[in-house]
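These notes concern the structure reproduced below.
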Amino acid sequence: MPELPEVETVRRSLTDTLSGATIVAIEERFPGVLIDESEGYTLPLTIERLRRRGKYLLFDLIDVEGKALILIAHFRMTGKFYIEHHNHVQPHTHVRLKIIKDGNTFHLDYVDVRRFGRLWLYDSHDENRHKTIAGLGPEPLSEAFSEESLRFSLKRRHGSTVKATLLNQEEIAGIGNIYADEALFRAGIRPQRRSGRVTKKETAKLHLALRDVLELGIGHRGTSFRDYVDGLGRPGSFQQLLNVYGRSGEPCHVCQTPLKTIRVAGRTTRYCPRCQR
DNA sequence: AGGGAAGCCTGCGTGC
DNA sequence: TGCACGCAGGCTTCCC
């Protein structure tokens, strides 16, 4: 499931191939996956650059008349971009963008088995036209995410579990189930604890742990637990470093106690009953 | 108001 | 072998 490190890895993997390329045709193969909120444009669209905000991938576009647009993608569970150099169409391809780069023609396919993901098109390069993006919390790897801002988030959501607060995109952008569980393990905090009961010292540990797992995740090109691959079809390797996610019942890497599985904030949650208090 | 839960989706693993 | 069922989970919407 693509979280911040996976979306960042997709962005990096597609940047060289797509920067400066032009979209010469947009084919909707399944209705409703691409939501066009623009007031119109004239093809071709030049891809100026790829950016990321939380779990959203952003394409800054300029149409043939110089008008700025933005294409926004959210993969949810199983969405992915796939570069198709031949005319083959793999199953669950919902949007096909015909691309020309340096005289070469290929397709950028949006493929999504469960069809939870969406693409949006807006006028201007301002991703905040998208209401949910406008409400996102700070980027956890930016200066805006500090020990202080995390403390403020935990205080504001004092009644929710600490895991629910980490998953709340309005508090921190880009954390999902895998990296939330991993960060809580590293910080020694039980996921079901109330946010308001996390001490200042634990908050500092959690802040560091979140930064660490996200940076490690990016460094390992993401977590390929089920079927995640980057924009060029390559799996990541962070799954080799997971301490709790997907390890229910297995011994804790630190104390050998069998890991527990519970349900927190509607999500399957794994933790070590001895290391996490 | 704010938090919990249902609903959206399909593939896959399990049990009968 | 085949079928029914449960589970995976990010986000929106609904409900308490």
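Just so it is clear: chains get the letters A, B, ... in the order the sequence lines come, proteins before strands, and each one is counted from 1. The analysis underlying the following values was restricted to heavy atoms, covering all of them including side chains, and did not include hydrogens, waters or symmetry mates.
- Note on A:Lys131: every side-chain N or O is 4.0 Å or more away from OP1 and OP2 of C:dT12.
- Between A:Thr132 and C:dC11, a side-chain N or O to OP1/OP2 separation shorter than 4.0 Å is absent.
- The interatomic distance linking A:Arg76 (CZ) with C:dA8 (P) rounds to 18 Å, in whole Å.
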Go through A:Glu8 and A:Arg11 one step at a time and tell me if the salt bridge (Lys or Arg N to Asp or Glu O under 4.0 Å) criterion holds.
CA-CA 5 Å; A:Glu8 177 62 20; A:Arg11 187 192 72 77; 2.9 Å; yes

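- In this structure, the side chain of A:Arg96 does not engage the main chain of A:Asp109 through any donor-acceptor pair within 3.5 Å.
- Distances shorter than 4.0 Å separate some side-chain N or O of A:Tyr245 from OP1 or OP2 on C:dG9.
- The listed nucleotides are C:dG9, B:dT10, C:dT12; the one nearest the side chain of A:His92 is B:dT10.
- Side-chain atoms of A:Asn243 and A:His253 include a donor-acceptor pair closer than 3.5 Å.
- At least one side-chain nitrogen or oxygen of A:Arg267 sits closer than 4.0 Å to the OP1 or OP2 atom of C:dG10.
- The nearest whole Å value for the distance from the CD1 atom in A:Ile178 to the C1' atom in C:dA8 is 11 Å.
- Close to C:dC11, at under 4.0 Å from its OP1 or OP2, lies a side-chain N or O of A:Gln169.
- Distance from the side chain of A:Val113 is smallest to B:dT10 among B:dT10, B:dC9, C:dC11.
- A:Lys163 has its NZ atom 12 Å from the C1' atom of C:dG10, to the nearest Å.
- One atom, CD1 of A:Ile72, and another, P of C:dC11, lie 14 Å apart when rounded to the nearest Å.
- Within the 4.0 angstrom heavy-atom criterion, only backbone atoms of the sugar-phosphate kind lie near A:Arg263; the bases stay farther away.
- The residue A:Arg115 sits close only to the backbone: its heavy atoms come under 4.0 Å of sugar-phosphate atoms, none of a base.
- Below the 3.5 angstrom threshold, one finds a donor paired with an acceptor across the side chain of A:Arg114 and the base of C:dA8.
- Proximity note for A:His74 (side chain, C-beta onward) versus B:dG3, C:dC11, C:dG9: the nearest is C:dC11.
- Counting only heavy atoms from C-beta outward, the side chains of A:Val33 and A:Asp112 never approach each other to under 4.5 Å.
- A donor-acceptor contact shorter than 3.5 Å is absent between the side chain of A:Glu84 and the backbone of A:Val89.
- Nucleotide B:dC8 holds its C1' atom 12 Å from the CZ atom of A:Phe30, rounded to whole Å.
- For the 3.5 Å distance criterion, the side chains of A:Tyr228 and A:Gln239 fail to qualify, holding no donor opposite an acceptor.
- When the side-chain nitrogen and oxygen atoms of A:Thr78 are compared with OP1 and OP2 of B:dT10, none of them lie within a distance under 4.0 Å.
- One atom, CZ of A:Phe116, and another, C1' of B:dT10, lie 8 Å apart when rounded to the nearest Å.
- Spacing between atom NZ of A:Lys80 and atom P of C:dG9 amounts to 16 Å, rounded to whole angstrom units.
- Of the candidates C:dA8, C:dC11, B:dG3, C:dC11 carries the atom nearest the A:Lys55 side chain, counting heavy atoms from C-beta on.
- With rounding to whole Å, A:Asn168 atom CG is found 14 Å from B:dA1 atom C1'.
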